[in-house]
Protein chains: 2
Amino acid sequence: MADPLDTVFSALADPTRRAILSMLLEDDMAVTDVADPFEMSLAAISKHLAVLGAAGLISQEKRGRVKWCKLEPDALRAASVWMQGFGQFEPVNLDAFERFLEGELGPDAQG
Amino acid sequence: MADPLDTVFSALADPTRRAILSMLLEDDMAVTDVADPFEMSLAAISKHLAVLGAAGLISQEKRGRVKWCKLEPDALRAASVWMQGFGQFEPVNLDAFERFLEGELGPDAQG
DNA sequence: GCCACATTCAACCGAATGGTTGACAATTCC
DNA sequence: GGAATTGTCAACCATTCGGTTGAATGTGGC
């Protein structure tokens, strides 16, 4: 799995990981706080964060005993550019984005 | 795996499938012709096409004994909108897209 | 020093993925 | 009708994935 597109797209393919990214849009978060809304173990969330980190979608910085997670949207750029080749999508449409976010986070955050 | 974003992103996570989509950008193709440049069996390509079809990224129509595959870029729209929320990416950048296409298809088409 | 907290590690498990092969079904051509 | 072509199905295999649990590692507070 050498191509960065592989890791980025496969990281995005999991609903838990997309929900985490959405949470990190709001603010940087500690691992424990990221895990809080989900119904799975902390270790599972830790693994998901590792996948997101390997894809470059987040960075993690340890301060004290807390590891902070930060969104790194640049990693999405390559994937976004790749996709845009397939349909001449209109530029940023934040209304539509809000609707998708609600669909992701509203009814069932852990997918 | 109910969310369409799951199926679209996980379909895009495989380099063979992305290469197939790139080929279908040029023109509609029969299954055998899609399989031709790859070093794997026809059955494997048939499975990949099924995954792309399930994600709505292609459609397949049988005419005679030949099944034609057609790109369906609309399925990418939801994913594209979702991603654009994470970075205010600039609108279509076809130069960058060309570079990525070459990276995908040039050195080693079967990834 | 000791206990609590934050996070990861290691081993394990079941299910899904990506590939193979060989048999099969449908269609066209002679 | 019979042979070749197109494509899928079914069974199988190795690997990866997403989750669990329990132990281990740092770090901070008292």
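Any value given below was found using the heavy atoms of this structure, including those in side chains, with hydrogens, waters and symmetry copies removed. Lettering follows sequence order; numbering is per chain, from 1.
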Spacing of B/Asp28 atom CG and B/Ser59 atom OG [to the nearest 0.5 Å]: 7.5 Å

Separation between SG of A/Cys69 and NE2 of A/His48, rounded to the nearest 0.5 Å: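 Taking SG in A/Cys69 and NE2 in A/His48, the distance rounds to 13.0 Å.
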
Could you tell me how far apart [X] ([atom1]) and [N] ([atom2]) are, to the nearest whole angstrom?
{"X": "B/Asp36", "N": "D/dT6", "atom1": "CG", "atom2": "C1'", "result": "14 Å"}
{"X": "A/Met29", "N": "C/dA6", "atom1": "CE", "atom2": "P", "result": "13 Å"}
{"X": "A/Lys62", "N": "D/dT25", "atom1": "NZ", "atom2": "P", "result": "13 Å"}
{"X": "B/Asp6", "N": "C/dA15", "atom1": "CG", "atom2": "P", "result": "19 Å"}
{"X": "B/Glu61", "N": "C/dT27", "atom1": "CD", "atom2": "P", "result": "14 Å"}
{"X": "B/Phe38", "N": "C/dG18", "atom1": "CZ", "atom2": "C1'", "result": "14 Å"}
{"X": "A/Ile20", "N": "D/dG18", "atom1": "CD1", "atom2": "C1'", "result": "12 Å"}
{"X": "A/Ile45", "N": "D/dG19", "atom1": "CD1", "atom2": "P", "result": "8 Å"}

Residues from residues 47-57 of chain A lying under 4.0 Å of DNA chain D - heavy atoms: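 A/Lys47, A/His48 - these, ordered by number, are the residues of the stretch whose heavy atoms sit under 4.0 Å from the strand.
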
Kindly give the atom pairs (protein nitrogen or oxygen, nucleotide nitrogen or oxygen) under 3.5 Å for nucleotides 28-30 of chain D.
none

Over all heavy atoms of both residues, which pair between [X] and [Y] is shortest? Give the atoms and the distance, please.
{"X": "A/Ala75", "Y": "A/Ala55", "value": "CB-O, 3.7 Å"}
{"X": "A/Ala79", "Y": "A/Phe9", "value": "CB-CZ, 3.7 Å"}
{"X": "A/Met29", "Y": "A/Asp33", "value": "CE-O, 3.5 Å"}
{"X": "A/Met23", "Y": "A/Pro37", "value": "CE-CG, 3.7 Å"}
{"X": "A/Val66", "Y": "A/Ala30", "value": "CG1-CB, 3.4 Å"}

Worked verdict on B/Asp6 versus A/Arg18 for side chain to side chain contact (heavy atoms under 4.5 Å, CB included): CA-CA 9 Å; B/Asp6 292 12; A/Arg18 288 198 309 277; 2.5 Å; yes

Shortest side-chain distance from A/Leu42, nucleotide among D/dG19, C/dT7, D/dC9: C/dT7

Proximity to the side chain of A/Val31 - top-ranked nucleotide from C/dG19, C/dA26, C/dT8: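 Selected nucleotide: C/dT8.
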
With a 4.0 Å limit, can you tell me whether [X] has a side-chain N or O closer than that to the phosphate oxygens OP1/OP2 of [N]?
{"X": "A/Lys67", "N": "C/dT8", "value": "yes"}
{"X": "A/Ser41", "N": "D/dG19", "value": "no"}
{"X": "A/Ser46", "N": "C/dT8", "value": "yes"}

Given DNA chain D, 5'-ward residue of the pair A/Val66 and B/Ala30, judged by closest heavy atom: B/Ala30

From CA spacing to verdict: side chain to side chain contact (heavy atoms under 4.5 Å, CB included), A/Leu52, A/Glu72: CA-CA 10 Å; A/Leu52 291 170; A/Glu72 293 289 344; over 6 Å; no

